[in-house]
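The structure under discussion appears below in the form of structure tokens.
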Amino acid sequence: MSVDKLASSPHFHPIPLIVRNSLQWISNSTLQSNPPFTPEGPSVWATNLIKSYFDKGLTREACNLFNEIPERDVVTWTAMIVGFTSCNHYHQAWTMFSEMLRSEVQPNAFTMSSVLKACKGMKALSCGALAHSLATKHGIDRSVYVQNALLDMYAASCATMDDALSVFNDIPLKTAVSWTTLIAGFTHRGDGYSGLLAFRQMLLEDVGPNSFSFSIAARACASISSYSCGKQIHAAVTKYGLHCDAPVMNSILDMYCRCNYLCDAKRCFGELTEKNLITWNTLIAGYERSDSSESLSLFFQMGSEGYKPNCFTFTSITAACANLAVLSCGQQVHGGIVRRGFDKNVALINSLIDMYAKCGSISDSHKLFCDMPGRDLVSWTTMMIGYGAHGYGKEAVKLFDEMVQSGIQPDRIVFMGVLCGCSHAGLVDKGLKYFRSMLEDYNINPDQEIYRCVVDLLGRAGRVEEAFQLVENMPFEPDESVWGALLGACKAYKLSNLGNLAAQRVLDRRPNMAGTYLLLSKIYAAEGKWGEFAKMRKLMKGMNKKKEVGKSWIEIRNEVYSFVVGAKMGPHIEWVHKVIDVLIWHMKDDGDVTDLDYIVDYLEGT
DNA sequence: ATAGGGTTAG
């Protein structure tokens, strides 16, 4: 009976009798020197069995068997390293490798390429560099497998691409795998442009592209939102006859979605003969970003065509509910997640936290966050942004400190979350402290978005002059969002001179933003400069584009009612007016009405 | 008997 047959038998039990017997046989050294049944030696038998155990996910059984083998050769050790790596137990793979060295078994090229893959998985550059030096010492760094694995390990590390490039340049015979690994290295670290340049070089050097290189090339286009390059890649895919390869076409589909060409995406999807779950997930995720209700329809369509949603599907669907702010729908999705037992998936819980926060139910977010067994950086960030949006700035700040205490390294986005929280809670100096700590303690360079947050932080608190100084002294050219934040502050504090300057800077960069004229006109109105006010309004009317309309909506008994300022729609609009009157009356009663802007908006329908 | 690169979630 072959090992494979044995392992795939429906009656397979972890250690069946026949295997116990074989173990005894392997341990029996007198038989070992003279194997009676098979032409291969007992370690061949054992290695095959180890591989089968790992394929079935039976790690324990593989280890037990391995421990009973008296003479372990390099192939057996390598099979263990490969086994652990294939089920993502990278640390155990590395432990195996060090034990192997301790028992003075010489590694070969198979061992080194496998252990380098484990180093990549551990994200342990130091282990990888050690493995590199060992490979060089044993002269097995001349295998192209080892070279490609080294390239992959360095490219995936958090260091620069320099080491990866020097390995790549030293590969005498670069294969398609070498090139694909290089392209993936650039692309996965966000440099899709260099990835595409490498892809072009690969073609120029007459290395035939295959499905692997096309899918990563499409991913590179997606990462830099280059529709024109993406279309060319799609054409080349067709030319090479790979238009039926599922992973390639999923990448192409994703590219169209990320470039915001949903029509091309839908057409591409319709033409696909070989669809799989990832195909559906890609399209649903694509629509979630720009047309969430369509994303929900696709979800139902997918179910009716017999596809079973997985965690990826539910993450996008949950995000769609968040975008639409439809709480009851989100709750049903949550129910579906629990029923399927997906409620242990961290990324999925993160999207549920975000959904409840965006649907107004921050207490549900908090409950999910507290009950999570393991929180990642995204969990903390999502909860912080949720708190900030609900005006709980102090809680957001507290969370940030707790996160650092728990040993998680903050990144740029989590700093944005905490700065935003400080901004909404008026914790200006606290926010400035975090801003400084970013560079000083964590070596994170602030980008446009961070500066926008800090300008907003100062501006909301009325420290507009300071905000202006910050903008003036930025280490790079501020973009329209930074100037826009300053303009917002000028509007709130009715500073027409500075506001005019900020508006000018916004318009220099984005001449078509009608909202800029609108803000400026409001500053003039507040100062009683009606001539200037009229000029702005005239400029606005002359523009083809209108400011994107702000909308509010509410879910009542399975119906979504949406409202636009000033719109005279719906049979219930007079009720809404009555409620607003009551609200204004209450606000006046509380002495809270300092800014009657909303009434101006309301009457004018802007 | 042991080794390679690609696709979906913030």
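Sequence lines set the chain letters: A, B, ... in the order given, protein chains first and strands last, and positions in each chain run from 1. Computation of the quantities below employed the complete heavy-atom set of this structure, encompassing side-chain atoms and omitting hydrogens, waters and symmetry-equivalent molecules.
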Just jot down the side-chain hydrogen bond (donor to acceptor under 3.5 Å, both in side chains) partners of Gln331(A), sequence neighbours excluded, or say none. none
Summarise how protein sits on nucleotides 2-7 of chain B as a single string, 5' to 3': B when a protein heavy atom is under 4.0 Å from the base, S for sugar-phosphate-only contact, - for no contact. BBBBBB
Selection: residues 340-362 of chain A, any non-hydrogen atom under 4.0 Å of DNA chain B: Asn345(A), Ala347(A)
Rounding to a whole Å, what distance do you find between Leu272(A):CG and dT8(B):C1'? 14 Å
ring-ring contact (aromatic ring centres under 6.0 Å, His included) contacts touching residues 274-298 of chain A (sequence neighbours left out): Phe269(A)-Trp280(A), Trp280(A)-Tyr307(A)
Between Trp179(A) and Phe168(A), does the ring centre distance come in under 6.0 Å? yes
Phe312(A) CZ to dG10(B) C1', straight-line distance once rounded to whole Å: 12 Å
Test: side chain to side chain donor-acceptor pair (under 3.5 Å). Region: residues 213-225 of chain A. Which pairs qualify, not counting sequence neighbours? Asn210(A)-Ser213(A)
Give a yes or no on whether the ring-centroid distance for Trp380(A) and Phe400(A) is below 6.0 angstrom. no
Rounded interatomic separation in angstrom, taking CD1 from Ile385(A) and P from dG10(B): 13 Å
The residue among Thr313(A), Asp254(A), Asn250(A), Asn276(A) that forms side-chain hydrogen bond (donor to acceptor under 3.5 Å, both in side chains) with Asn281(A) is Thr313(A)
Is it true that Arg375(A) and Glu402(A) have a side-chain N and a carboxylate O under 4.0 angstrom from each other? no
Across the strands shown, which category fits Arg72(A) at heavy-atom distances under 4.0 angstrom: base, sugar-phosphate, nothing? nothing
Partner set under side-chain hydrogen bond (donor to acceptor under 3.5 Å, both in side chains) for Asp170(A), not counting sequence neighbours: none
